[in-house]
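We name chains A, B, ... by the order of the sequence lines, and we start the count at 1 in each one. Bear in mind the structure is a predicted one, so any value in this text is a computation, not a measurement.
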Amino acid sequence: MTHQANVRRQTQSMSESKERTTPAELLTSKGLLDAAVVAVRIGKEIVDVHTLVDADAAIEPIRVGDPGALDVIRHSTAHVMADAVQRLFPGTKVTIGPCTEDGFYYDFDRPDGAFTDADLRKIEKVMREIVKANSPFRREIVSRDEAKERFAKLGETYKVEIIEGIPEGEDISLYTHGAKGKDWTDLCAGPHVPSTGMLAAVKLTSVAGAYWRGDERNPMLQRIYGTAFHTQEALDEHLRLLEEAKKRDHRKLGKELELFMFHEWAPAMPFFYPRGAKVYNKMVGYLRDLYVDAGYEEVITPQIYDTKLYKTSGHLANYRENMYFGIPSDSLEGILEAFEAFVSKQAAGGAITSEQRKALREEFLAREILEARFAGAKPMNCPGHCLMYASRRRSYRELPWRIADFGRLHRYERGGVVHGLARVRSFSQDDAHIFCMPEQVQEEITKFNRLLYAIYRAFDFKDVHIKLATRPEKRIGTDDMWDRAEKALEAALVEAGLAFEVTPGEGAFYGPKLEFHVRDALKRSWQLGTIQVDYAMPESFELEYVGSDGAMHRPVMLHRAILGSVERFMGVYIEHCGGAFPVWIAPEQVTLLTVSEKQEAYALEAKAYLSGRGIRVITDLSSDKLGAKIRNARMMRYPYLGIIGDREAETRSISPRSHVDGELGSMTLVSFADRVLAEAVPGGQGAQQPPKTE
RNA sequence: GCUGGCGUAGCUCAAUCGGUAGAGCACCGGUUUUGUAAACCGGAUGUUAGGGGUUCAAGUCCCCUCGCUAGCUCCA
């Protein structure tokens with residue numbers, strides 16, 4: 001989402017001496033101004049036709065349908081919506097209203113609370129009237145004081161706050177549309193379309209709460225989301241895509257295809273049905289195969305640890321809110337007794353208020369229990385792996401030591417953030433930790449990148465976007481460590497010639513990371529893989545190795561995952577392929593459908609043959625008619641259906657129907673099996689095995 | 001966690017003003033033996049998420065809890 005601030009942009013840096021005019025006049029003089037011009041481009045900047053610019057500026061008209069035009073249209077639509085809202089709901093204050101990747105929103109402070117869907121329809125109606133009036137957007141530059149005074153008079157306290165935040169020296173521009181007396185003005189950097197009549201296709205989509213300035217300590221505002229396009233057809237197409245996304249929703253497909261379920265007695269913790277478990281295990285199995293050549297060794301580690309572990313690793317200080325703590329049943333009573341003793345000691349016999357008691361409880365939890373008697377379910381594998389590393393003396397000869405772990409992790413996620421398989425409380429990662437010498441870091445990152453791209457290709461994800469997340473405020477380790485770690489990640493990317501974006505402050509508490517985001521078939525972006533350079537945890541666990549010089553050295557630890565959470569990856573992948581898994585990963589590769597019960601014996605024979613060739617095959621021998629069997633099988637999205645009637649039984653053949661290509665005609669069982677097996681490799685038909693990484 | 005919305009049969013959804021909880025699919029039994037997206041007949045299916053309240057009467061109105069959901073915040 002591109003949250004474009006609608007204020008605070010300096011219009012143009014230009015010399016005072018030059019003659020100034022508006023793009024509208026410039027275009028008119030060239031005969032280029034027509035009804036389709038929304039704004040103009042000057043260099044990299046987009047300005048509207050009313051903004052004063054240098055008279056000799058090189059301007060390029062942006063017409064309806066050109067790239068960049070939509071943002072202008074949507075932002076203008078947001079103004080019209082805010083106008084409509086204030087007409088319908090007096091007393092509502094405006095805040096900000098930027099455009100987003102596929103629409104716009106505007107946040108309001110409404111004394112009466114949230115808007116309803118019926119309100120949205122009303123607002124749309126008034127918006128259409130404003131559009132119909134086709135009144136021009138007018139721009140004016142005002143002084144800081146005048147702007148403040150005008151908005152203060154209207155009671156628009158948020159706008160006043162925004163003006164106060166605009167740096168000195170920047171223009172403060174206001175935009176007004178509507179007829180005199182019924183006009184509506186907003187503080188805004190623009191640009192805007194010349195006239196409201198250009199806002200042809202508008203739809204308000206949803207309402208939601210949103211905090212002022214995105215801070216949960218601030219008041220909750222009412223946000224209205226909408227979208228706008230230059231034609232009704234484009235809007236309809238957009239709404240169609242949203243419908244398509246709904247159809248592919250992995251939560252819906254998970255239920256329909258019997259892949260997984262949830263139950264309120266284990267909220268946000270998925271149950272995988274046999275079909276889902278097959279897909280899941282195929283994914284993990286594929287990674288295990290690649291690990292052999294990539295030099296990883298799999299380990300199995302405990303689920304629950306003494307809190308001493310998390311104290312050492314820093315999780316207790318930095319990750320406690322996201323952890324589950326269990327109490328061994330033997331300790332239950334003892335803990336309660338200890339708490340009572342603690343309270344009476346602190347209160348020294350006197351009565352205490354419930355406030356004080358609450359504070360004591362917090363202190364008790366933090367100081368006594370967490371360190372001594374609670375057991376924590378692991379939220380990450382890394383601390384356990386450190387214990388394994390430290391279990392004996394290590395030599396530089398065994399580095400890099402790459403240990404993979406598919407162990408289940410538990411993280412307590414706040415109620416509002418869990419979402420299908422994409423955000424759960426119980427999951428596994430394709431997690432591995434690489435313990436290596438500092439001079440091996442860059443090469444390990446490079447190898448990891450190669451492995452990652454090969455795996456994404458196998459799953460048909462082609463569009464990968466890399467982010468380099470740097471040190472957050474809450475962190476462990478020295479600045480020097482962070483400098484080195486951030487540099488190593490960057491160097492590996494530069495060396496590989498991979499483009500990336502830096503996201504400051506987004507790193508993990510123990511190290512900076514690369515995040516790998518992919519786009520799915522519906523153009524949505526998901527974070528999957530990550531690699532993190534960590535100098536801190538080896539320090540905390542005092543990890544060492546004997547170098548070739550005979551002295552002790554500290555290893556570096558790389559945390560890395562390619563699919564990320566296997567659960568989330570499966571959710572993303574389900575939506576990517578629309579539930580129609582390719583042959584290599586489908587729970588069942590072939591379903592044999594008999595035309596009548598007469599072919600049952602041959603169908604079972606064919607099944608045995610295909611099964612013997614290593615194909616996952618099931619049958620539908622029910623008394624349904626063929627049409628019904630096909631319909632059911634299509635809905636289950638099996639890659640291949642094998643029709644078996646009298647003709648096939650007589651010639652010992654099969655009539656396959658591919659999910660992708662439809663009917664294939666009749667062929668022998670042997671050539672059908674050959675075809676299926678040829679396709680049953682990661683990456684699909686004709687795909688090469690991913691290149692080896694070593 | 002916060003702000004909205006939602007929760008009725010395994011699934012998708014009805015139920016007018018507060019007045020007997022219903023349909024299709026799936027399921028079960030039977031008939032049918034079928035050639036590329038739904039054969040026919042019959043049957044069973046509910047603590048209307050849970051708890052409390054208002055009322056002669058609650059799926060429907062009110063309160064609480066749980067879950068789901070769109071966002072916000074978070075995402076190590």
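Nucleotide B:A70 holds its C1' atom 15 Å from the CG atom of A:L204, rounded to whole Å. Rounded to an integer number of Å, the gap from A:E264 CD to B:G51 P is 12 Å. Per the geometry, CZ belonging to A:R223 stands 19 Å off P belonging to B:C2, to the nearest Å. In this structure, A:D107 places its CG atom 10 Å from P of B:C72, rounding to the nearest Å. Rounded to a whole Å, the CZ atom of A:R251 is 16 Å from the P atom of B:G67. The distance from atom NE2 of A:H419 to atom P of B:C72 is 12 Å, rounded to the nearest whole Å. Nucleotide B:G35 holds its P atom 13 Å from the CG atom of A:D624, rounded to whole Å.
The aromatic rings of A:Y573 and A:H576 lie tilted to each other, with the angle between the two planes from 30° to 60°. Note on ring orientation: taking the six-membered ring where Trp is involved, the planes of A:H410 and A:Y324 are perpendicular (angle over 60°, cut-offs 30° and 60°).
Donor-acceptor pairing under 3.5 Å, judged by distance alone, is present between the side chain of A:E648 and the base of B:G35. In this model, no side-chain donor or acceptor of A:R414 finds a partner on the base of B:C74 within 3.5 Å. Between the side chain of A:R631 and the base of B:U36, no donor-acceptor pair of N or O atoms lies under 3.5 Å.
Closest approach of A:Y105 and A:D107 over heavy atoms only: CD1-OD1, 3.6 Å.
Taking the six-membered ring for Trp, A:H465 and A:F516 have ring centres at least 6.0 Å apart.
Using a 4.0 Å heavy-atom distance criterion, A:N632 is classed as making no nucleic acid contact. Heavy atoms of A:R411 sit under 4.0 angstrom from primed sugar atoms or phosphate atoms, though from no base atom.
Because its glycosidic torsion is within 90° of 0, B:C17 is reported here as syn.
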